[in-house]
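I have placed the structure first, in the form of structure tokens, so that the comments after it can refer back to it.
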Amino acid sequence: MGILIHMESKKTIGQRIRELRKEMQMKQADFVSGLSISRSYLSKIENGDEQPGRELLIRMCSEFGISLDWLTSGVGDMRKAEAQNDEEALLLYAFRSMPRDEAETHLKLMLQRVKKDVIGDA
């Protein structure tokens with residue numbers, strides 16, 4: 001897994017945008033339709049001749065449901081994790097609102113509980 005993350009982080013933003021577009025089986029003209037940019041500008045980004053601005057990156061993430069971390073650095077999954085219900089959404093909100101050290105403590109406790117339940121059921 002570490003090798004995959006390392007390889008992804010070596011790609012440029014433009015290469016990851018091209019990867020996303022191809023995965024979605026979209027032509028450049030279709031990809032830019034909701035982004036308010038030209039096809040030629042997208043081509044320059046994909047080829048590494050231009051760097052997209054922050055607002056464009058955020059628009060791409062919103063439009064295509066992808067992770068800003070993945071898009072900008074290659075870290076994590078391409079697709080954003082989404083809550084499956086209201087309880088998961090509240091849990092994520094609470095986790096993100098906690099101080100980092102407290103959030104880490106809660107996460108460790110939850111993971112220990114899950115591991116214990118899985119091992120106990122085996």
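On a predicted model such as this, the values are computed, not experimentally measured, just so you know.
- Residues satisfying the salt bridge (charged side-chain N to carboxylate O under 4.0 Å, His left out) criterion with E102, sequence neighbours excluded, are absent altogether.
- One distance of note links CG of L68 with CZ of R54; it measures 8.5 Å at 0.5 Å rounding.
- One hydrophobic cluster holds both L111 and F95 under the rule that ILVMFWY side chains link at heavy-atom gaps under 4.5 Å.
- Hydrophobic cluster membership is shared by V32 and M24, with clusters built from Ile, Leu, Val, Met, Phe, Trp and Tyr side chains linked at under 4.5 angstrom.
- With values rounded to the nearest 0.5 angstrom, E19 atom CD is found 4.0 Å from M78 atom CE.
- Few gaps surround CG on D49; more than 12 heavy atoms of other groups in view lie less than 6.0 Å from it.
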The test is side-chain contact (heavy atoms from CB on, under 4.5 Å); show your working for R59 and I37 and say whether it passes. CA-CA 11 Å; R59 230 178 12 252; I37 61 170; 4.2 Å; yes
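- Considering only heavy atoms from C-beta on, R113 stays 4.5 Å or farther from L109 through its side chain.
- Judged by distance alone, the side chain of R21 and the main-chain N or O of F31 form no donor-acceptor pair under 3.5 Å.
- Look at E104 and K108 and you find no salt bridge, because none of the NZ, NE, NH1 or NH2 atoms lies under 4.0 Å from a carboxylate O.
- With N85 contributing its side chain and E87 its backbone, the two residues share a donor-acceptor pair below 3.5 Å.
- Here C61 contributes atom SG and D69 contributes atom CG; the two are 9.0 Å apart, rounded to the nearest 0.5 Å.
- No donor-acceptor pair under 3.5 Å is formed between the side chain of S73 and the backbone N or O of W70.
- Looking at every heavy atom in both residues, L71 comes nearest to I13 through O-CG1, 3.6 Å.
- Side-chain N or O atoms of R79 include none that pairs as donor or acceptor with a backbone N or O of S67 at under 3.5 Å.
- For S43 (side chain) and R39 (main-chain N/O), no donor-acceptor pair under 3.5 Å exists by modelled atom type.
- Using modelled atom types, no side-chain atom of Q25 and backbone atom of K22 make a donor-acceptor pair closer than 3.5 Å.
- The hydrophobic cluster containing M26 also contains L20, counting ILVMFWY residues as joined when their side-chain heavy atoms lie under 4.5 angstrom apart, directly or transitively.
- Residue R18 is tested with Q28, E46, E23 for a side chain to side chain contact (heavy atoms under 4.5 Å, CB included); the sole match is E46.
- Considering only heavy atoms from C-beta on, F64 comes within 4.5 Å of L35 through its side chain.
- Between L56 and I45 there is a side-chain heavy-atom pair separated by less than 4.5 Å.
- Atoms CG and NZ, from D30 and K27 in turn, are 7.5 Å apart once rounded to the nearest 0.5 Å.
- Remark: R96 CZ to L91 CG distance equals 10.5 Å, nearest 0.5 Å.
- Atoms CE and OG1, on M60 and T72 in that order, are 12.0 Å from each other to the nearest 0.5 Å.
- No side-chain donor-acceptor contact under 3.5 Å links S33 to the backbone of A29.
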